[in-house]
Amino acid sequence: MNLANTAFVLIASILVLFMTPGLAFFYGGLVTEKNVVNTMLSVFIMTGVAIVLWIALGYTMAFSGNILGVVGNLKHVFMAGVNLGGLTATKIPIGDYSLFQMMFAIITPALFVGAIVGRTHSKFLLAFLIVWSIFIYYPMVHLVWSPNGWLANLGVLDFAGGTVVHINAGVTALILSIWLGPRLKVDSKNHYNLPWVLLGTTILWIGWYGFNAGSALAVNNVAMQAAITTTVATGTAMVVWMILDIWTTGKPTLVGVCTGTLCGLVGITPAAGYVTILGSVAIGAIATLASYSFITLLKPRLGVDDALDAFGCHGVSGIVGSILTGVFATKSVNSAVTTNGLAYGGGWHLLGIQILATVFTIAFVAIVGSLLIWVLKQFIPMRVNAVEERQGLDEGEHGERADYTISLNAKLSAFTSDQEKYAPEFKGQLQRLQRPSQPSGSSFNDHS
């Protein structure tokens, strides 16, 4: 094995794993206090479930064999017969590569949780995670990242998950939102903890270097380029969203800046190892403009309640990034680019392939996702009842609360109110408790 490459991918895997608790803090900070535990648990539980699923079925369905260019076979269930010490093209062990891919299988379903917070049964979400992974995620990995995949053989470029991760999760979020229907009460301004939102965004940004640069699978110039373009696109997106906030509302917001940051990270993901620094500026800016326009202008007219804008951020920016890869990808950055993008004299060929892959991903995920939801709904209720939704899913689904001082504060407020209400009745008693005036020349210390 190549020790440098192996260590690099192992560290990248840890960084991608770090993104999932970061996402839990990001989503947990955005929701109201009565749904914090449910939201964070719904994200974090993906870790355990997705790990077991990947070992059992994920690896073999994604990378073993080939059925019609869409999915692998079941030859290596529970990794049986896999030579974990065998080497890949960049001389890292297969076990290291499988671990890296496992982390993508964890973070991807966690992304769509943000669309359905506050109204989804935990049992339905867990069941959906299982069938979604088997019938949507693993086939998407095979289609795009397996050498035998249909989209891979067409020449589709997806460096770190524009189609496989972000469009996939974003469209799934949209479909789930449509099937669920809107919340009983939408309170988009009552966030539980804005510092958590910033903390989660920071963790995601740090982890994204493992996500994007790690996808080079080696310590080389492509990894370096991916790290730089990720940084530049994200910084550009943050600034663009802040300017849009100031232009439309007169002031910047922390939630807006953090959302813009994520749009930049998402938009550059499919292109990170294929584009120049200038290309990353364009992708970061255009992806943010598209997501901002969808969230503020189009979404209110659609009537779809994507609670934390999982589709508006991941879906829209992922679509833009995937298509723009066909515009800005260039052989000068990565020799894996066989045909330059439109902006570098390659004509419409690569752009056409990217558009085809993007449209296919949207249609495949929407159709299969809807079918899976319909089948599951016959056996498991999808949405909690109105009483539980008003009470909050922290109590209803888990019997826990994020902040036990909330009820204490309510009791203290009630006690203070009672004091003010009955103060005249206790005026005489309160006067006796007041300190008597001190004799002239004396001090407190004289009587201590």
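Annotation: salt bridge (Lys or Arg N to Asp or Glu O under 4.0 Å) contacts of Arg383 (sequence neighbours excluded): Glu389. Annotation: ring pair (Phe, Tyr, Trp, His ring centres under 6.0 Å) contacts of Phe112 (sequence neighbours excluded): Phe128, Trp132. Residues forming a side chain to side chain contact (heavy atoms under 4.5 Å, CB included) with Asn5 (at least two apart in sequence, or on another chain): Asn2, Thr90, Ile92, Ala218, Val219. Every residue two or more places apart in sequence or in another chain was checked for a ring pair (Phe, Tyr, Trp, His ring centres under 6.0 Å) with Phe8, and none qualifies. Evaluation of the ring pair (Phe, Tyr, Trp, His ring centres under 6.0 Å) rule for Phe294 yields Phe311 as partners, not counting sequence neighbours. When the salt bridge (Lys or Arg N to Asp or Glu O under 4.0 Å) test is applied to Glu395, the partners found at least two apart in sequence or on another chain are Arg401.
A distance of 8.5 Å separates CG of Leu74 from OG of Ser64, quoted to the nearest 0.5 Å.
Using modelled atom types, one side-chain atom of Lys34 and one backbone atom of Arg390 make a donor-acceptor pair closer than 3.5 Å. Distance alone, capped at 3.5 Å, places no donor-acceptor pair between the Gln101 side chain and the Tyr97 backbone. For Trp196 (side chain) and Leu30 (main-chain N/O), no donor-acceptor pair under 3.5 Å exists by modelled atom type. Distance alone, capped at 3.5 Å, places no donor-acceptor pair between the Asn66 side chain and the Gly72 backbone. Put simply, the side chain of Asn212 never gets that close to the backbone of Ala272: no donor and acceptor are under 3.5 Å apart. Not one N or O on the side chain of Glu397 forms a donor-acceptor pair closer than 3.5 Å with the backbone of Asn38.
Screening Thr325, Thr229, Val222, Thr269 against Phe159 for a side chain to side chain contact (heavy atoms under 4.5 Å, CB included) leaves a single residue, Val222.
Residues Phe63 and Trp145 place their aromatic rings such that the two centres sit no closer than 6.0 Å. Checked against the 6.0 Å centroid threshold, Phe211 and Phe104 count as a close aromatic pair. A distance of 6.0 Å or more separates the ring centres of His76 and Trp54.
Other residues, nucleotides and ligands place no more than 12 heavy atoms under 6.0 Å from the CZ atom of Phe18.
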